[in-house]
Amino acid sequence: MVTSSFPISVAVFALITLQVGTQDSFIAAVYEHAVILPNKTETPVSQEDALNLMNENIDILETAIKQAAEQGARIIVTPEDALYGWKFTRETVFPYLEDIPDPQVNWIPCQDPHRFGHTPVQARLSCLAKDNSIYVLANLGDKKPCNSRDSTCPPNGYFQYNTNVV
């Protein structure tokens with residue numbers, strides 16, 4: 001694996017107290033770490049290899065989640081592409097994507113991880129949030145199947161999105 005140019009041992013962790021509406025305040029954590037990047041490749045890796053890389057980054061994030069919760073944070077916010085990096089083509093990013101359901105769907109991935117297919121990253125993040133009583137905001141890649149007869153549908157039959165989940 002390739003690490004970013006930002007030293008691997010460097011992490012930024014900030015706790016912020018916010019004044020919110022009718023509540024007196026709450027603590028939010030903002031977290032940044034040197035993302036473990038995939039090896040540069042012109043061909044997609046397997047879903048298993050993609051998941052292994054994302055789990056390495058989630059392992060680092062897990063420590064920050066626990067620390068933030070112990071310090072009273074109600075939510076931790078992670079940066080864009082913190083789970084898999086950013087140097088991809090449309091084809092090489094595909095193994096890192098999961099189907100992310102509509103936000104209006106009532107679903108707790110930790111309790112029902114297979115409801116929307118293969119969603120191990122959403123399930124793991126959900127369990128980390130649940131087990132530590134904290135909201136976790138993470139940036140993930142989403143894939144949505146489309147009709148190949150639709151002229152806007154990409155050749156692989158999926159629209160691909162970069163989105164945040166809580």
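The shortest heavy-atom contact between H33 and A82 is CE1-O, 3.5 Å. Among all heavy-atom pairs drawn from C110 and S126, the shortest one is N-OG, 3.0 Å. Looking at every heavy atom in both residues, Y161 comes nearest to K144 through CE1-CG, 3.9 Å. Across every non-hydrogen atom of A50 and P95, the tightest pair is CB-O, 3.5 Å. The two residues A123 and P113 come nearest to each other via the heavy atoms CB-CB, 3.8 Å.
Under a 3.5 Å cut-off, the side chain of N139 and the backbone N or O of T163 do form a donor-acceptor pair. Between the side chain of N57 and the backbone N or O of I36, at least one donor-acceptor pair lies under 3.5 Å. Counting only distance, with no hydrogens or angles, the side chain of Q160 and the backbone of R90 share a donor-acceptor pair below 3.5 Å. Of the possible donor and acceptor atoms, none in the side chain of N132 sits under 3.5 Å from a partner among the backbone N and O of I134. Side-chain atoms of T92 never come within 3.5 Å of backbone atoms of P44 as a donor-acceptor pair (strictly under, hydrogens ignored). Checked by atom type and distance alone, the side chain of E98 pairs as donor or acceptor with a backbone atom of V121 at under 3.5 Å.
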Inset, instruction - Would you please test T152 and D150 for side chain to side chain donor-acceptor pair (under 3.5 Å) and show each step? - result: CA-CA 5 Å; T152 63; D150 178 347; 2.9 Å; yes
Inset, instruction - Show your working on side-chain contact (heavy atoms from CB on, under 4.5 Å) between E32 and T78 and close with a plain yes or no. - result: CA-CA 6 Å; E32 175 91 39; T78 67; over 6 Å; no
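The 12-atom threshold is exceeded at CG of D102, counting heavy atoms of other residues, nucleotides or ligands nearer than 6.0 Å. Within a 6.0 Å radius of OH in Y135, no more than 12 heavy atoms belonging to other residues, nucleotides or ligands are found.
Using cut-offs of 30° and 60° for the angle between ring planes, the W107 and F116 rings count as perpendicular.
A distance below 6.0 Å separates the ring centres of F88 and Y96.
Electrostatic pairing of E62 and K66 counts as a salt bridge here, judged by a charged N lying under 4.0 Å from a carboxylate O.
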